[in-house]
Colleague: 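Let me begin by handing over the structure; questions about it come next.
For clarity, every value in this text was computed on a predicted model and none was experimentally measured. Below, chain A is the first sequence line, B the second, and so on; all start at residue 1.
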Amino acid sequence: MFQDRLQTLLAPALQTAFQHLFQASIDARTIAFQQTRPEFEGDVTINVFPFLKLSGKGPEQTAQALGEHLQAQVDVVERFNVVKGFLNIVIADRYWSGFLREAAGADILLFPATGRKMMVEYASPNTNKPLHLGHLRNIFLGYSVARILQAAGNEVVKVQVINDRGIHICKSMLAWRKFGQGETPASSGLKGDKLVGKYYVEFDKRYRAEIEALVAGGMAKEEAEKKAPLLLEAQEMLRQWEAGDPDVRALWERMNGWVYDGFNASYARMGVEFDKDYYESRTYVLGKQDVLDGLKKGVFYEKDGAVWVDNTQEGLDEKVLLRRDGTSVYMTQDIGTAIQRFQEYPGLSKLIYTVGNEQDYHFKVLFLILRKLGFPWADELFHLSYGMVDLPSGKMKSREGTVVDADDIMDEMVEEARAKGEELSKLDDFTAEEKARLFEMIGLAALKYFLLKVDPKKRMLFDPAASIDLQGHTGPFIQYTYARIQSLLRKAGSGDAPLGSGPAPALMGEEKAVIKQLHHLPAVLNEAAVRLDPAVLANQTYELVKAYNTFYQSVPVMKEEDAAKRAFRLALSAAVGRTVKKAMWCLGIEVPERM
RNA sequence: GACCCCGUAGCUCAGCUGGAUAGAGCACCUGCCUUCUAAGCAGGCGGCCGCAGGUUCGAAUCCUGCCGGGGUCGCCA
């Protein structure tokens with residue numbers, strides 16, 4: 001399905017081959033190409049078993065006939081061999097060196113503009129607690145998808161939605177007002193989001209104590225949970241907030257301001273940014289009218305004074321959209337927000353929500369409702385669902401204090417990078433500032449790559465002790481290769497002859513292996529863009545870098561006497577360097593010139 | 001109870017649009033720094049692809065059932 005350009009070249013030729021040889025027509029897209037396994041000679045392999053019915057011949061004869069036809073008709077098909085039902089095709093060196101010439105001069109990971117505009121929502125923090133490891137997966141995933149879509153030629157609008165209102169915020173506010181004694185980020189030295197989070201925890205602690213006291217006094221636990229004075233007070237505060245009480249609003253503004261300062265510091269360190277922020281306090285009223293309109297149109301119905309949608313025909317449930325008292329639920333707001341976004345961005349052809357898979361059902365229902373309301377863009381909505389990040393101890397639970405804080409884990413990764421970097425002591429001429437910047441880059445790369453290389457929809461395990469790996473299949477491994485290449489290029493300077501237009505030297509196995517990996521990368525970028533999956537790109541980038549390292553280790557570049565060969569290998573290195581940098585850019589990861 | 005996701009080497013993960021002897025990394029073992037950065041390279045060890053059926057010339061991959069893990073089903077967000 002995701003053919004690279006060689007496959008796109010061969011497919012039509014195969015199509016005509018079937019026409020000529022067997023008077024059969026096949027869909028070029030159904031041909032399954034694969035990389036030839038290393039134990040056989042060849043670059044591309046076609047399995048002919050699926051075509052035996054069409055050819056009416058045995059596997060060997062079919063493959064033989066196709067091979068002969070391709071060799072005669074397609075310029076770059078040099079020779080072929082047949083093993084059982086497998087047609088192994090050898091592509092001429094000039095094809096590979098021609099591709100390299102191209103890759104050396106241009107960005108092969110930049111596709112022509114599609115003219116399409118897409119919105120990616122990739123963060124939706126609550127303002128009552130700091131960001132944690134789960135947010136990191138969310139943010140890195142969505143950010144990378146945005147970059148991938150951009151590289152694939154789309155215009156991308158990156159947004160976050162901030163859950164800045166509701167009972168949870170009031171809990172922090174109330175606790176701060178009662179027990180905070182005027183503490184501020186400045187007075188405490190605490191990061192703003194951490195300070196507010198501290199009072200959220202404080203609320204919970206005191207609230208639990210109240211419940212216990214009530215239960216000890218003979219009240220049932222369930223009742224106590226509803227009647228604890230602190231909770232009642234928080235609920236009252238929410239009412240005051242909604243009524244626009246100046247004092248409550250002022251406190252809310254102030255504490256949210258602290259949180260935003262904290263978030264922005266974290267975002268800056270993560271290396272992400274947003275084109276637009278949506279605040280729930282401004283959008284939570286949306287959707288109500290849309291639901292009432294839907295009611296009028298008969299898409300929804302009324303029962304017990306509330307407005308419902310019936311999705312039982314579609315295998316889902318019935319769901320309330322407006323409460324009996326006329327107020328909104330979460331779904332209502334999401335309906336309104338989606339509509340608003342498409343009004344704001346009229347050309348929008350895709351809206352992607354990066355949200356954990358515990359909300360799979362919610363988005364299924366949301367998209368279905370919007371389809372029922374008749375919005376033509378409803379089919380362009382996509383829930384980029386990702387699995388939870390588990391700890392060795394199991395699920396992260398804030399109540400049990402097992403949440404891994406985002407800032408803390410970044411610190412740890414960078415610290416690990418520092419320890420390793422100092423140990424290797426290759427950076428003696430770096431200033432302290434340069435070192436700090438480098439270790440930051442490496443630590444973040446390790447973290448991002450670790451979270452991105454796993455299939456997004458899968459639940460994954462993060463072991464803080466073991467996951468901080470800087471060797472093997474990691475971000476720093478890729479960075480290291482890039483840095484080595486840059487070192488080579490620096491040594492070459494500008495004195496070395498650029499890749500000439502004359503015939504390239506015969507390819508060595510190691511060189512060809514690298515070019516083939518490079519050649520495959522654009523198809524993988526395309527796949528990543530279609531599937532909205534950075535993991536495939538992360539893994540192919542690793543394959544490329546691995547092939548390059550093998551080459552680097554066994555084939556001399558600057559030490560090569562023959563100028564043409566040296567130029568070719570330099571060009572190869574430069575192309576790999578440029579492409580790796582771009583691929584890592586797509587993952588939101590920076591690469592250093594030295595390390 | 002209903003619905004959704006997941007189960008591959010000791011550990012973490014690729015492979016899943018059906019194809020050749022199922023691949024990496026970590027860990028463990030052996031080699032390689034008087035040649036371009038050893039955060040590297042070469043090699044070794046390690047697999048009833050959860051289990052049982054089915055479809056197929058061919059199943060880790062598709063279908064069914066079961067087992068195990070997780071999630072979701074609120075006039076919460």
Colleague: Using the C1' atoms only, state how far B/rA14 lies from B/rC3, rounded to an integer number of Å.
Modeller: 29 Å
Colleague: Within the 4.0 Å heavy-atom criterion, would you say A/E280 contacts the bases, only the backbone, or no part of the nucleic acid?
Modeller: sugar-phosphate
Colleague: Stacking between A/Y542 and B/rA24, defined as ring centres under 5.5 angstrom apart with planes under 30°, is that present or not?
Modeller: no
Colleague: Heavy atoms only, 4.0 Å cut-off, all strands: where does A/D304 land among base, sugar-phosphate and nothing?
Modeller: base
Colleague: Got a donor-acceptor pair under 3.5 Å from the side chain of A/N88 to the base of B/rA20?
Modeller: yes
Colleague: Can you tell me which nucleotide in B/rG71, B/rA39, B/rC6 comes closest to the side chain of A/K457?
Modeller: B/rC6
Colleague: Could you tell me whether the phosphate oxygens of B/rG74, OP1 or OP2, come under 4.0 Å of any side-chain nitrogen or oxygen in A/R323?
Modeller: no
Colleague: With sequence neighbours excluded, tell me which residues meet side-chain hydrogen bond (donor to acceptor under 3.5 Å, both in side chains) with A/S172.
Modeller: none
Colleague: Grab the CG-C1' distance between A/D455 and B/rU61 for me, whole Å please.
Modeller: 14 Å
Colleague: What pair of heavy atoms forms the shortest contact from A/L427 to A/G421, and how long is it?
Modeller: CD1-O, 4.4 Å
Colleague: Could you state the CE-C1' distance from A/M331 to B/rU72, rounded to the nearest angstrom?
Modeller: 12 Å
Colleague: Check whether any side-chain N or O of A/N549 sits under 4.0 Å from OP1 or OP2 of B/rC41, and answer yes or no.
Modeller: yes
Colleague: Taking only residues two or more places apart in sequence or in another chain, which ones pass ring pair (Phe, Tyr, Trp, His ring centres under 6.0 Å) with A/H383?
Modeller: A/F363
Colleague: What pairs with A/F51 under ring pair (Phe, Tyr, Trp, His ring centres under 6.0 Å), at least two apart in sequence or on another chain?
Modeller: A/F18
Colleague: When you compare B/rU21 with B/rC26, how far apart are their C1' atoms, in angstrom units rounded to a whole number?
Modeller: 25 Å
Colleague: Going by the ring-ring contact (aromatic ring centres under 6.0 Å, His included) test, which pairs reach into residues 525-549 of chain A, not counting sequence neighbours?
Modeller: A/H473-A/Y542, A/F477-A/Y542, A/Y548-A/F551
Colleague: Will you find, in the side chains of A/T45 and A/N88, an N or O donor that is under 3.5 Å from an N or O acceptor?
Modeller: yes
Colleague: Is there a side-chain contact between A/R459 and the phosphate of B/rU12, meaning an N or O under 4.0 Å from OP1 or OP2?
Modeller: no
Colleague: By nearest heavy atom, map A/K546 and A/G421 onto RNA chain B; which one lands nearer the 5' end?
Modeller: A/K546
Colleague: So if I take every side-chain heavy atom of A/T36 and compare against B/rC75, B/rG40, B/rA20, which nucleotide ends up nearest?
Modeller: B/rA20
Colleague: Can you name the salt bridge (charged side-chain N to carboxylate O under 4.0 Å, His left out) partners of A/E280, sequence neighbours left out?
Modeller: A/R165
Colleague: Closest approach to the side chain of A/P50, judged atom by atom: which nucleotide of B/rA14, B/rG19, B/rC75 is it?
Modeller: B/rG19
Colleague: Would you measure the distance from the C1' atom in B/rC75 across to the matching atom in B/rU64 and give it in whole Å?
Modeller: 40 Å
Colleague: Distance between the P atoms of B/rU61 and B/rG65, in whole angstroms?
Modeller: 16 Å
Colleague: Within the 4.0 Å heavy-atom criterion, would you say A/L52 contacts the bases, only the backbone, or no part of the nucleic acid?
Modeller: nothing
Colleague: Since syn is defined as within 90° of 0, does B/rC13 count as syn or as anti?
Modeller: anti
Colleague: If we ignore angles and hydrogens, is there a donor and acceptor under 3.5 Å between the side chains of A/E593 and A/Y482?
Modeller: yes
Colleague: Describe the nucleic acid contact of A/P59 in one word from base, sugar-phosphate, nothing, applying a heavy-atom distance below 4.0 Å.
Modeller: nothing
Colleague: Under 4.0 Å, heavy atoms only, any strand: does A/T45 hit a base, just the sugar-phosphate, or nothing?
Modeller: base
Colleague: Specify the closest pair of heavy atoms between A/A445 and A/P476, including all atoms of both residues, with the distance to one decimal.
Modeller: C-CD, 4.3 Å
Colleague: Which is more 5' along RNA chain B, the nucleotide nearest A/A417 or the one nearest A/E527? Just name the residue.
Modeller: A/E527
Colleague: Which residues satisfy the salt bridge (charged side-chain N to carboxylate O under 4.0 Å, His left out) test with A/E415, sequence neighbours excluded?
Modeller: A/R418
Colleague: A/T550 has a side chain; which of B/rA39, B/rA14, B/rA42 sits nearest to it?
Modeller: B/rA42
Colleague: So, using side chain to side chain contact (heavy atoms under 4.5 Å, CB included) as the criterion, who are the partners of A/H135 when residues are at least two apart?
Modeller: A/L131, A/H132, A/I139
Colleague: Just to verify, what does A/Y361 make a ring pair (Phe, Tyr, Trp, His ring centres under 6.0 Å) with, not counting sequence neighbours?
Modeller: none
Colleague: When you measure from the side chain of A/F40, which nucleotide among B/rA39, B/rA20, B/rA77 comes out closest?
Modeller: B/rA20
Colleague: Suppose we screen for side chain to side chain contact (heavy atoms under 4.5 Å, CB included). Which residues come up paired with A/R531, at least two apart in sequence or across chains?
Modeller: A/F2, A/E527, A/D533, A/V536
Colleague: When the C1' atoms of B/rA59 and B/rG53 are compared, how many Å lie between them, rounded to an integer?
Modeller: 13 Å
Colleague: Does A/K453 put a side-chain nitrogen or oxygen below 4.0 Å from OP1 or OP2 of B/rG25?
Modeller: no
Colleague: For nucleotides 35-37 of chain B, print each protein N/O atom paired with a nucleotide N/O atom at under 3.5 Å, atom names and distance only.
Modeller:
from, atom 1, to, atom 2, distance (Å)
B/rU35, O2', A/K559, NZ, 2.3
B/rC36, O3', A/K491, NZ, 3.4
B/rC36, O2, A/M558, N, 2.9
B/rC36, N3, A/V557, N, 3.0
B/rC36, N4, A/Y552, O, 2.7
B/rC36, N4, A/V555, O, 2.5
B/rU37, OP1, A/S487, OG, 3.1
B/rU37, OP2, A/K491, NZ, 3.1
B/rU37, O2', A/Y480, OH, 2.1
B/rU37, O2', A/R484, NE, 2.9
B/rU37, O2, A/K426, NZ, 2.5
B/rU37, O2, A/M595, O, 3.2
B/rU37, N3, A/M595, O, 2.7
B/rU37, O4, A/M595, N, 3.2

Colleague: A/F477 near the nucleic acid: base, sugar-phosphate alone, or nothing, with a heavy-atom cut-off under 4.0 Å?
Modeller: sugar-phosphate
Colleague: A/F86 on top of B/rG19's base, within under 5.5 Å and under 30°?
Modeller: no
Colleague: Provide the distance between the two P atoms, one in B/rA9 and one in B/rA24, to the nearest whole Å.
Modeller: 15 Å
Colleague: Closest to the A/A306 side chain: B/rU72, B/rA77, B/rC75?
Modeller: B/rC75
Colleague: Identify all pairs in which a protein N or O lies below 3.5 Å from an N or O of nucleotides 7-10 of chain B, and state each distance.
Modeller:
from, atom 1, to, atom 2, distance (Å)
B/rG7, OP1, A/K458, NZ, 3.3

Colleague: So A/K581 and A/E590, do their side chains get closer than 4.5 Å, heavy atoms only?
Modeller: no
Colleague: For nucleotides B/rG44 and B/rC6, find the distance between their P atoms and express it as a whole number of Å.
Modeller: 34 Å
Colleague: CE of A/M413 versus C1' of B/rA39: gap in Å, rounded?
Modeller: 13 Å
Colleague: Checking side-chain polar atoms at under 3.5 Å, does A/D164 have a donor or acceptor matched by the opposite partner on A/N256?
Modeller: no
Colleague: With rounding to whole Å, what would you report as the distance between B/rU17 and B/rC32 at their C1' atoms?
Modeller: 43 Å
Colleague: Pairs counted only when both distances fall under 3.5 Å, Watson-Crick or G-U: show me the 5' to 3' dot-bracket for RNA chain B, [ ] for pseudoknotted crossings and | for other-strand partners.
Modeller: (((((((..((((.....[...)))).(((((.......))))).....(((((..]....))))))))))))....
